[in-house]
Amino acid sequence: MTGPTGHRRISGLSSLGNWTQEDSELYESARSLIIALMAAYSARLDAEGLSADEQQRLEQEQRQYIAEQRSLRLGDRAAAERVLAEYPARLREVRGEAW
C-alpha cells in the first residue's frame with residue numbers, strides 16, 4: 001500500500017520508516033554491489049602466494065565492507081548513492097580488471 005506521499009506502507013514494519021520504490025532499488029543495488037565486493041575480496045584471499053601483510057590488509061578491508069553492508073539502511077539515499085558512485089571502481093580494482 002502506498003500512502004499519500006508516495007511512500008510505501010506495510011503493516012507491522014513501521015520501524016523501517018517511510019521509503020519509496022526508488023529508495024528500495026537504490027538500497028538493493030548498493031547492497032548487491034557491497035556483496036560483490038566482499039566476494040571479490042574472498043577470491044583474492046583464496047589466491048596462493050599472498051604475503052602475510054597482504055592477507056592481513058585484504059582481510060581488514062573486507063571487514064570494513066562487511067560492517068558497511070550491515071549498517072546500510074533502507075531509505076538512506078546518501079549512503080546508497082555514495083556506494084553506487086564509489087564502489088564500482090573499487091570492485092574493478094580488487095578483481096584486477098582494467099578501467
Side-chain angles (χ1 to χ4, degrees):
M1 170 188 279
T2 302
T5 62
H7 289 86
R8 178 79 87 180
R9 297 196 186 280
I10 300 174
S11 176
L13 297 179
S14 61
S15 65
L16 291 177
N18 293 326
W19 46 273
T20 64
Q21 182 66 34
E22 185 178 353
D23 291 335
S24 177
E25 291 168 2
L26 281 171
Y27 169 80
E28 287 300 325
S29 295
R31 188 173 182 277
S32 294
L33 183 54
I34 293 172
I35 290 169
L37 188 52
M38 291 185 303
Y41 272 99
S42 291
R44 287 280 304 274
L45 286 163
D46 286 343
E48 293 184 19
L50 289 177
S51 69
D53 287 342
E54 179 73 0
Q55 182 167 348
Q56 184 177 18
R57 182 185 66 79
L58 291 170
E59 288 172 348
Q60 176 60 32
E61 289 175 11
Q62 185 182 43
R63 282 191 296 272
Q64 291 172 346
Y65 292 112
I66 290 168
E68 183 160 10
Q69 188 266 332
R70 288 180 180 155
S71 70
L72 191 64
R73 296 290 177 248
L74 179 60
D76 186 350
R77 293 179 65 91
E81 288 172 347
R82 181 185 55 76
V83 167
L84 294 172
E86 295 175 8
Y87 289 7
R90 183 64 186 142
L91 179 58
R92 287 189 300 271
E93 184 179 319
V94 173
R95 286 180 173 168
E97 298 173 357
W99 293 80

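Values below: every heavy atom of this structure, side chains too, minus hydrogens, waters and symmetry copies.
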Novice: To the nearest 0.5 Å, what is the distance between CD1 (Ile34) and CZ (Arg70)?
Specialist: 12.0 Å
Novice: How long is the straight-line distance from CD1 of Ile66 back to CD of Gln69, given to the nearest 0.5 Å?
Specialist: 8.5 Å
Novice: Taking Glu86 first and then Arg90, would you say they form a salt bridge - that is, a charged N and a carboxylate O separated by under 4.0 Å?
Specialist: no
Novice: Once you round to the nearest 0.5 Å, how far does CZ of Arg73 lie from CG of Asp23?
Specialist: 15.0 Å
Novice: About how many Å separate CZ of Arg31 and CG of Leu84, when rounded to the nearest 0.5 Å?
Specialist: 13.5 Å
Novice: Just do the side-chain contact (heavy atoms from CB on, under 4.5 Å) check on Leu58 and Gln62 with the steps written out, would you?
Specialist: CA-CA 6 Å; Leu58 291 170; Gln62 185 182 43; over 6 Å; no
Novice: Taking atom OH of Tyr41 and atom CG of Leu91, what is their separation to the nearest 0.5 Å?
Specialist: 9.5 Å
Novice: Might you confirm whether atom CD of Gln56 has over 12 heavy atoms from other residues, nucleotides or ligands at distances under 6.0 Å?
Specialist: no
Novice: Checking Glu59 now: which residues fulfil side-chain contact (heavy atoms from CB on, under 4.5 Å) with it, not counting sequence neighbours?
Specialist: Leu45, Gln55, Arg63
Novice: Measure the spacing between CD of Glu28 and CG of Leu72 and express it to the nearest 0.5 Å.
Specialist: 9.0 Å
Novice: Just by modelled atom types, is the Thr20 backbone N or O under 3.5 Å from a matching donor or acceptor in the Ser24 side chain?
Specialist: no
Novice: Would you mind reporting whether Arg44 and Arg95 have side-chain heavy atoms less than 4.5 Å apart?
Specialist: no
Novice: Please walk me through it: do Glu68 and Tyr87 pass side-chain hydrogen bond (donor to acceptor under 3.5 Å, both in side chains)?
Specialist: CA-CA 12 Å; Glu68 183 160 10; Tyr87 289 7; 2.3 Å; yes
